[in-house]
Amino acid sequence: MRSALILGLFSLLAACSTFGGGRGGGAIPVVNDPAPIVSGTMRPYQVRGRWYTPKEQPNYEEVGMASWYGDAFNGRPTSTGERFNMHELTAAHKTLPLPGLVEVTNLDNGRRVVVRINDRGPFVDGRIIDLSRGAAQELGMISQGVGRVRVRYLGQAPRLGGGVVLQQAEARPARTPPASQPVPYTTVAATPPPPVVASTVVAQTGGMWVQAGAFADQRAARRIAQRLGDRATVQPTNSGGRELYRVVVGPWEDATAAESARQAVVARGYADALLISSR
């Protein structure tokens, strides 16, 4: 009886190390019972005029910029049908098989995690992976919004979980850009989004706003604001002698929250959404 109990305990520990989303230092999971690849996620698809072709990429390794997403998508279904939990170690990738595991290394501080890929994205130029808030926190990327990472494909994911913290290196202090430069997340895209309208007075309150777009038709602007929720408003502005109506969402005092909101607006179909400051 005692031997059976001990054997059961070791089996439970092994399962946790393989399938769990543990936060302690650990090793790359050994997946003995992988989840089947969701066939519907392997078909070519198009987002804003660009085609993506998911495929098996056993030797995939790439260095680039990572972003993260959280509250705006928490609880929503991912591409695999799993519910997104922003506190778990998960991520989105444009073409890797789903669900899969990747090792992500923050090249600025050496921190490493294994995350479960269960969603598609990010559909922003210059970014190679979109991390959950939990993964970004373990990598020390929350305050910056984005970070330079190495992503290495490990293979199919287990049926549950798979996220593991591999290394918690001491983070080096991030360099503070001069006041005249934009904060990092506005410069990540390889090709910046075209300006919609030059900013005039956004609001009398401080903080950051997301500009979804500017429109000549006031009624169309109001309809878009209604679709974007209670924090969206329409503000008239003048550009080159033309009266336009800007749809803005906010404000947010925190730049990270503002960026998350901008990504949510982009996901709703407004690809040129940008951050603006009322200061």
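Positions are given from 1 along the sequence.
A heavy-atom distance below 4.5 Å is found between the side chains of Arg50 and Tyr52. Side-chain contact between Pro54 and Lys94: absent, with no pair of heavy atoms (C-beta onward) separated by less than 4.5 Å. Side chains of Glu56 and Ile37 form a contact here, defined as non-hydrogen atoms less than 4.5 Å apart. Within the 4.5 Å cutoff, side-chain heavy atoms of Pro29 are placed close to those of Val114. The side-chain heavy atoms of Val38 and Pro99, taken from C-beta on, include a pair separated by under 4.5 Å.
A pairwise comparison of heavy atoms in Val149 and Ile129 identifies CG2-CG2, 4.2 Å as the closest pair. Residues Pro36 and Gln156 approach most closely at CA-NE2, 4.3 Å, considering heavy atoms. Across every non-hydrogen atom of Tyr153 and Pro58, the tightest pair is CD2-CA, 4.0 Å. Taking every heavy atom of both residues into account, Met141 and Ala66 meet most closely at CE-O, 3.5 Å. Heavy-atom minimum distance, Arg246 versus Thr237: CG-CG2, 3.8 Å. Closest non-hydrogen pair, Glu243 versus Pro236, comes out as OE2-CB, 4.3 Å.
Although no hydrogens or angles enter the test, the distance criterion places no donor-acceptor pair under 3.5 Å between the side chain of Arg152 and the main chain of Thr105. Looking at Asp119, its side chain never comes within 3.5 Å of a backbone N or O of Thr78 through a donor-acceptor pair. When atom types are taken as modelled, the side chain of Arg116 and the backbone of Gly161 share a donor-acceptor pair closer than 3.5 angstrom. A donor-acceptor pair under 3.5 Å is formed between the side chain of Arg231 and the backbone N or O of Pro251. Within the 3.5 Å criterion, the main-chain N or O of Ser132 finds no donor-acceptor partner in the side chain of Thr90. Remark: the backbone N or O of Gly134 is not paired with any side-chain donor or acceptor of Glu88 at under 3.5 angstrom. A donor-acceptor pair under 3.5 Å is absent between the side-chain atoms of Arg133 and the main chain of Ile142, judged by distance alone. Side chain of Lys55 to backbone of Leu96: no donor-acceptor contact under 3.5 angstrom is found. Between the side chain of Arg83 and the backbone N or O of Gly75 there is at least one donor-acceptor pair closer than 3.5 Å.
In this structure, CG on Leu166 lies 13.0 Å from CZ on Arg111, to the nearest 0.5 angstrom. Atom-to-atom distance recorded for Arg223:CZ and Asp217:CG is 6.0 Å, nearest 0.5 angstrom. Remark: His87 NE2 to Gln137 CD distance equals 9.0 Å, nearest 0.5 Å. Here the OG1-CD1 distance, from Thr80 to Ile117, works out to 11.0 Å after rounding to the nearest 0.5 Å. One distance of note links CD1 of Ile224 with OH of Tyr270; it measures 4.5 Å at 0.5 Å rounding.
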Which is it for Met65 and Arg148 under the side-chain contact (heavy atoms from CB on, under 4.5 Å) test, yes or no, and what are the steps along the way? CA-CA 5 Å; Met65 299 302 293; Arg148 187 166 175 267; 4.0 Å; yes
Apply the test side-chain contact (heavy atoms from CB on, under 4.5 Å) to residues Thr53 and Thr95: give CA-CA distance (whole Å), side-chain angles for both, the deciding distance (0.1 Å), then the verdict. CA-CA 6 Å; Thr53 304; Thr95 59; 5.8 Å; no
Between Asn85 and Asn74, does a side-chain contact (heavy atoms from CB on, under 4.5 Å) hold up when you go through it step by step? CA-CA 6 Å; Asn85 183 335; Asn74 199 39; 4.3 Å; yes
Give the intermediate values and the outcome of side-chain contact (heavy atoms from CB on, under 4.5 Å) for residues Val247 and Arg227. CA-CA 11 Å; Val247 178; Arg227 286 199 293 267; over 6 Å; no
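Using a 4.5 Å cut-off between side-chain heavy atoms of Ile, Leu, Val, Met, Phe, Trp and Tyr, with links allowed through other members, Leu98 and Ile128 fall into the same hydrophobic cluster. Residues Leu101 and Ile28 share a hydrophobic cluster, clusters being chains of Ile/Leu/Val/Met/Phe/Trp/Tyr side chains in contact below 4.5 Å.
Between Arg150 and Glu61 a salt bridge is recorded (basic side-chain N to carboxylate O distance below 4.0 Å).
Using cut-offs of 30° and 60° on the angle between ring planes, the pair Tyr45 and Phe123 is perpendicular. In this structure, His93 and Tyr60 have perpendicular ring planes: the angle between them is above 60°, well past the 30° mark.
The aromatic ring centres of Phe215 and Tyr245 sit 6.0 Å or more apart.
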